[in-house]
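In what follows, a structure is listed as structure tokens, so that the remarks can point back to it.
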Amino acid sequence: MTDKTLHKFDKKMFNHNLISWYHKNKRELPWRDTNNPYAIWVSEIMLQQTKVDTVISYYKKFMNRYPTIFHLAKAEQQEVLKEWEGLGYYSRARNLHDAAREVVATYHGEVPKNPKQLGTLKGIGPYTQGAISSIAFQQPEPAVDGNVMRVLSRVLLVKDNISEQRTRKKFEHIVRELICHSDPSAFNQGLMELGALICTPTSPACLLCPVQNECRAFAEGCEKKLPVKLKKKKQKTVSYLVLLIRDVDGKIAIEKRPDKGLLANMWQFPMIELKDKHSLEKIAEKKYGIPLILKEELGHVNHVFSHLIWDLHVYEAICATRPEISEQVRLSFIKEEELQDYPFSVSHIKVREFLQGKHG
DNA sequence: AATCCGGGGAG
DNA sequence: CTCCCAGGATT
């Protein structure tokens, strides 16, 4: 089927204005002074669902720790998760780590240049495949992310719902026809940089836009109505009671989460869903084998911790008689200084900081 | 096709 | 406080 979106569109002028604007106005970022495919790869994974400003420090630290794919492949997963601590979407770290090992094992450590091979690696989907192909290897592949869809939906007045998969495919088709073959990297990065700096979601700076003249939405004054996005999902928050459990010699209890689902393989302080307040003690006893005496402030939700002292030897004795408290869900008692060696999510980092602030 | 993954920032 | 953001994997 033929698409009419690019009919009568001045591709040459658009590309020229976009790319010269990009070269003049691009931000200097630590992953922009290299064509090392591994470095580009790491940056693109970190940039998924994450703002540039947040990524910069993580990227520097990560590349310092794992300068090559071989360093990353050799690392333990816990160590990689620790580097990712606080960045969120931790499956990205696990997948990147797995994929690095696969590249070392299968391609002698050379990131595959073939887009199809790239796409088979864990954590590399259509967008990242195109981003690495174009930025690291200068191949004219589309790298359609949310920025690109926003920019192009405005410039080309595309009113399709960008929440649907076929809309992303439509934009990939459009980019294949539009992309600058002499500099695919600058073209793709230019579109994304324009989306980040000028063609922003709620208040685009059209008066500063290098492709204002080529923009159909601006001509019609409807840029703020685009892109069309119909999906809406409400996420519900769940409150937990966090338990600060100490051994008699001061060690603190933490546990490792399961290897699937939310925050997989991350560590946390033991906790109980704050749902049925009357049976919390019962649930705590069942889950951890530890008698819990709750305090008054429980009603106030947010940062309510329950402190208790418990003897590790007694705990171990109880666990020995309770087969349902298996090795996997067993609490680990560690010295407080060692908390910094384990990967925690942001909410548990806050608990850790609360703990360390008490005698810092 | 719909839902699950986290965290940060805007309003 | 609520809403918004958005690639990839999973179901």
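Quick caveat, the model's predicted, so the values are computed rather than measured.
Separating the CG atom of L230(A) from the P atom of dT3(B) is a distance of 15 Å, rounded to the nearest angstrom. As rounded to whole Å, 13 Å separates atom P of dC4(C) from atom CD1 of I162(A). Atom CG in L81(A) sits about 16 Å away from atom P in dC5(B), given to the nearest Å. Distance Q165(A) CD to dA6(C) P: 16 Å, rounded to the nearest Å. Atom C1' of nucleotide dC4(B) and atom CG of L263(A) are separated by 12 Å, given to the nearest angstrom. Look at CD on E164(A): it is 16 Å from P on dG7(C), rounded to the nearest Å. Rounding to whole angstrom units, CZ of residue R166(A) and P of dA1(B) are separated by 7 Å. Separating the CZ atom of F171(A) from the P atom of dG7(C) is a distance of 13 Å, rounded to the nearest angstrom.
Side-chain atoms of N95(A) and R92(A) form no donor-acceptor pair, as typed in the model, at a separation below 3.5 Å.
For the P atom pair drawn from dG8(B) and dA9(C), the interatomic distance equals 23 Å after rounding to whole Å. Rounded to whole Å, the P atom of dG8(C) lies 23 Å from the corresponding atom of dG9(B).
In this structure, F218(A) has no ring-ring contact (aromatic ring centres under 6.0 Å, His included) partners at least two apart in sequence or on a different chain. Residues satisfying the salt bridge (Lys or Arg N to Asp or Glu O under 4.0 Å) criterion with E255(A), sequence neighbours excluded, are absent altogether. By the side chain to side chain donor-acceptor pair (under 3.5 Å) test, T120(A) pairs with no residue at all, sequence neighbours left out. The side chain to side chain donor-acceptor pair (under 3.5 Å) test applied to N114(A) returns no partner, not counting sequence neighbours.
For residues 29-45 of chain A, the set of pairs meeting the salt bridge (Lys or Arg N to Asp or Glu O under 4.0 Å) definition, not counting sequence neighbours, comprises R32(A)-E193(A). Counting only residues at least two apart or in different chains, salt bridge (Lys or Arg N to Asp or Glu O under 4.0 Å) contacts with residues 99-112 of chain A are absent. Residue pairs satisfying the ring pair (Phe, Tyr, Trp, His ring centres under 6.0 Å) criterion with at least one member in residues 106-157 of chain A, sequence neighbours excluded, are absent.
Salt bridge present: R166(A) and E164(A) bring a charged side-chain N and a carboxylate O closer than 4.0 Å. Between K170(A) and D160(A), at least one side-chain N (NZ, or NE/NH1/NH2) sits under 4.0 Å from a carboxylate O, which counts as a salt bridge. Between E336(A) and R246(A) a salt bridge is recorded (basic side-chain N to carboxylate O distance below 4.0 Å). Salt bridge status for R168(A) with E172(A): present, with a side-chain N to carboxylate O gap under 4.0 Å.
For the segment residues 89-100 of chain A, residues with any heavy atom less than 4.0 angstrom from an atom of DNA chain C are, sorted by number, Y89(A), N95(A). Of the residues in residues 187-207 of chain A, not one places a heavy atom less than 4.0 Å from an atom of DNA chain C. The stretch residues 45-55 of chain A touches DNA chain C through Q48(A), Q49(A), each having a heavy atom under 4.0 angstrom from the strand. Within residues 127-158 of chain A, the residues that place at least one heavy atom under 4.0 Å from DNA chain C are, in residue-number order, Y127(A), T128(A), D145(A), G146(A), R150(A).
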Can you give each donor-acceptor pair under 3.5 Å made by side-chain atoms of residues 62-69 of chain A, sequence neighbours left out, with the distance rounded to 0.1 Å?
from, atom 1, to, atom 2, distance (Å)
R65(A), NH1, E83(A), OE2, 3.3
R65(A), NH2, E79(A), OE2, 3.1
Y66(A), OH, E79(A), OE2, 3.2
T68(A), OG1, F70(A), N, 3.2
T68(A), OG1, H71(A), N, 3.3
T68(A), OG1, H71(A), ND1, 2.6

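Here K260(A) lies out of heavy-atom contact (under 4.0 Å) with every strand. At the heavy-atom level, S345(A) lies under 4.0 Å from the strands shown only through sugar-phosphate atoms.
Using cut-offs of 30° and 60° on the angle between ring planes, the pair F14(A) and F187(A) is perpendicular.
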